[in-house]
Asker: 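Take a look at this one; I'll ask things after.
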Amino acid sequence: LEEIHLDSLTATDRTVIAISQHCPNLSSLQVIQGTYTHSSLIALSERGLTLKSLGLPWIRIPQRDLYRCTYALSQLRMVCTQNRQPIDRDDLLAMAQCCTLLESVNIVLVNNAVADVADALIALSRANSRTLHSVYVFCKATPHCLTSSQIAQLAQACPNVKKFCLHDVVNINDSCILTLSKHCPILEFLSITVDKRSAVEGSMGVSESALLRIVQHCEKIY
């Protein structure tokens with residue numbers, strides 16, 4: 001058995017541990033739903049499976065056990081939030097430290113410190129700049145994260161992105177759109193929504209010329 005795609009609400013750590021023990025030739029493991037702890041990451045790391053692809057819901061890891069999960073984290077290609085639980089600054093920094101092959105990020109951010117969580121997300125993107133092609137970020141709680149300036153930094157950090165989706169950000173303006181057009185030439189899909197409750201007045205305007213620029217520079221966009 002070389003490939004497993006697991007999408008089960010009843011799956012737990014025991015499921016992943018059994019897979020790690022009995023599938024020595026496993027090259028691809030994709031886990032979509034279930035209830036897991038970092039014990040799954042420890043099991044995958046200790047078995048040292050030569051995984052070419054690993055996708056898991058994000059699992060909060062106690063700092064004391066991070067080193068035991070390093071190998072499995074280094075194999076991650078896709079990360080998403082488990083049951084839409086938010087990811088904070090420490091989670092992002094752990095990923096930035098251990099994950100360098102991420103292709104897809106689909107996460108909900110909690111804004112325990114707006115500037116810090118945005119900086120950590122940018123650091124994660126830089127660490128995976130060669131491989132990251134899909135970014136989906138949902139901002140949760142108040143105040144909402146990601147200003148136009150921070151979105152521009154995020155765009156610069158992932159030049160190979162094809163899908164770039166940010167929801168409930170603080171603001172969006174021409175400068176942000178122009179940065180995307182300059183640094184993300186293979187962009188295919190773009191979606192940015194602003195939460196009007198937290199938006200800075202007068203900072204949400206995107207001109208027709210900026211939209212025209214991104215269409216001209218990102219020829220695959222739709």
Side-chain angles (χ1 to χ4, degrees), residues 1-112 116-117 120-141 158 161 163 165:
L1 189 62
E2 296 182 354
E3 296 184 12
I4 294 177
H5 185 102
L6 183 62
D7 188 352
S8 171
L9 291 171
T10 59
T12 64
D13 285 331
R14 293 179 62 184
T15 311
V16 176
I17 291 170
I19 289 172
S20 70
Q21 291 174 339
H22 299 290
C23 302
N25 297 318
L26 193 67
S27 63
S28 176
L29 174 61
Q30 301 295 320
V31 178
I32 305 301
Q33 299 187 80
T35 304
Y36 311 97
T37 70
H38 68 290
S39 296
S40 291
L41 291 170
I42 291 174
L44 291 168
S45 291
E46 291 181 345
R47 287 287 168 176
L49 301 177
T50 54
L51 294 169
K52 296 178 181 178
S53 178
L54 174 62
L56 290 171
W58 178 248
I59 300 165
R60 187 148 291 168
I61 307 168
Q63 188 63 35
R64 67 179 183 276
D65 289 329
L66 184 60
Y67 76 98
R68 299 180 65 189
C69 305
T70 299
Y71 176 76
L73 291 175
S74 72
Q75 303 301 303
L76 270 180
R77 303 302 198 276
M78 180 272 290
V79 66
C80 61
T81 45
Q82 186 169 245
N83 300 321
R84 295 190 68 80
Q85 289 298 310
I87 285 178
D88 63 16
R89 171 184 175 273
D90 291 340
D91 294 327
L92 290 168
L93 291 178
M95 280 190 271
Q97 176 182 339
C98 301
C99 307
T100 58
L101 295 173
L102 284 176
E103 298 173 358
S104 176
V105 172
N106 189 333
I107 57 177
V108 177
L109 293 184
V110 60
N111 304 315
N112 49 356
D116 288 346
V117 77
L121 176 61
I122 293 165
L124 171 64
S125 300
R126 285 177 179 151
N128 294 273
S129 62
R130 294 179 298 106
T131 56
L132 193 59
H133 61 68
S134 297
V135 176
Y136 292 83
V137 177
F138 298 82
C139 297
K140 184 176 181 179
C158 44
V161 70
K163 296 182 180 180
C165 304

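Here the structure is a predicted model, which is why all the values come from computation and not from measurement.
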Asker: Just so I know, are the side chains of L49 and L29 near enough to count as touching, which here means a heavy-atom distance under 4.5 Å?
Answerer: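 No, every pair of side-chain atoms sits at 4.5 Å or beyond.
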Asker: Under a 4.5 Å cut-off applied to non-hydrogen side-chain atoms, are V31 and P57 in contact?
Answerer: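 Side-chain contact under 4.5 Å: yes.
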Asker: Which residues pass the side-chain contact (heavy atoms from CB on, under 4.5 Å) test with V79, sequence neighbours left out?
Answerer: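 In terms of side-chain contact (heavy atoms from CB on, under 4.5 Å), with neighbours along the sequence ignored, V79 is linked to W58, M95, L102, V105.
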Asker: Would you sort out whether L41 and D65 count as a side-chain contact (heavy atoms from CB on, under 4.5 Å), showing the intermediate values?
Answerer: CA-CA 10 Å; L41 291 170; D65 289 329; over 6 Å; no
Asker: Are the side chain of N128 and the backbone of L124 linked by a donor-acceptor contact shorter than 3.5 Å?
Answerer: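 Judged by distance alone, yes, a pair lies under 3.5 Å.
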Asker: Test of understanding: with salt bridge (charged side-chain N to carboxylate O under 4.0 Å, His left out), list the residues that count as partners of E3, not counting sequence neighbours.
Answerer: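 Once residues adjacent in sequence are excluded, E3 has no partner under the salt bridge (charged side-chain N to carboxylate O under 4.0 Å, His left out) criterion.
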Asker: What is the minimum heavy-atom distance between C69 and I42, and which atoms define it?
Answerer: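 Closest approach of C69 to I42: SG-CG1, 3.7 Å.
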Asker: Hey, could you give me each pair passing side chain to side chain donor-acceptor pair (under 3.5 Å) that has a residue in residues 20-32? Not counting sequence neighbours.
Answerer: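 Qualifying pairs, neighbours excluded: Q30-S53.
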Asker: Between L44 and A72, which heavy-atom pair has the shortest distance, and what is it?
Answerer: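 For L44 versus A72, the nearest heavy atoms are CB-CB, 4.0 Å.
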Asker: Provide the closest heavy-atom pair for S74 versus L101 in the form atom of the first, atom of the second, distance.
Answerer: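 For S74 and L101, the tightest heavy-atom pair comes out as O-CD1, 3.5 Å.
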Asker: Would you check, one step at a time, whether the test side-chain contact (heavy atoms from CB on, under 4.5 Å) holds for L1 with I19?
Answerer: CA-CA 10 Å; L1 189 62; I19 289 172; over 6 Å; no
Asker: What pairs with L93 under side-chain contact (heavy atoms from CB on, under 4.5 Å), at least two apart in sequence or on another chain?
Answerer: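 If we apply the side-chain contact (heavy atoms from CB on, under 4.5 Å) test to L93, skipping adjacent residues, the hits are R89, A120.
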Asker: Taking all atoms of both residues into account, what is the closest heavy-atom pair of L76 and L56, and its distance?
Answerer: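 Closest approach of L76 to L56, heavy atoms only: CD2-N, 3.9 Å.
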Asker: Measuring from atom CD of Q33 to atom OG of S8, what distance do you get when rounded to the nearest 0.5 angstrom?
Answerer: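 Reported value, rounded in 0.5 Å steps: 8.0 Å.
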Asker: Restricting to salt bridge (charged side-chain N to carboxylate O under 4.0 Å, His left out), what partner residues turn up for R77, sequence neighbours left out?
Answerer: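 So R77 forms no salt bridge (charged side-chain N to carboxylate O under 4.0 Å, His left out) with any residue.
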Asker: Please name the pair of heavy atoms, one in L6 and one in A11, separated by the smallest distance, quoted to 0.1 Å.
Answerer: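 Where L6 meets A11 most closely, the heavy atoms are CD2-CB, 3.9 Å.
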Asker: Is there a donor-acceptor pair under 3.5 Å between the side chain of D13 and the backbone N or O of T37?
Answerer: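 At least one qualifying donor-acceptor pair exists.
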Asker: Of all heavy-atom pairs between Y36 and T12, which one has the smallest distance, and what is that distance?
Answerer: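 Shortest heavy-atom contact: CE2-O, 3.5 Å.
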Asker: What residues form a salt bridge (charged side-chain N to carboxylate O under 4.0 Å, His left out) with R60, not counting sequence neighbours?
Answerer: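 R60: salt bridge (charged side-chain N to carboxylate O under 4.0 Å, His left out) contacts with D88, D91.
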Asker: So do L73 and L66 actually touch side chain to side chain, heavy atoms under 4.5 Å?
Answerer: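 Yes. Closest side-chain heavy atoms under 4.5 Å.
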Asker: Between V137 and I107, does a side-chain contact (heavy atoms from CB on, under 4.5 Å) hold up when you go through it step by step?
Answerer: CA-CA 5 Å; V137 177; I107 57 177; 4.2 Å; yes
Asker: If I take atom SG from residue C158 and atom NE2 from residue H133, how far apart are they, to the nearest 0.5 angstrom?
Answerer: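 If I round to the nearest 0.5 Å, the distance is 12.0 Å.
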Asker: Checking side-chain contact (heavy atoms from CB on, under 4.5 Å) for the pair N106/M78: CA distance, chi angles, key distance, verdict?
Answerer: CA-CA 8 Å; N106 189 333; M78 180 272 290; over 6 Å; no
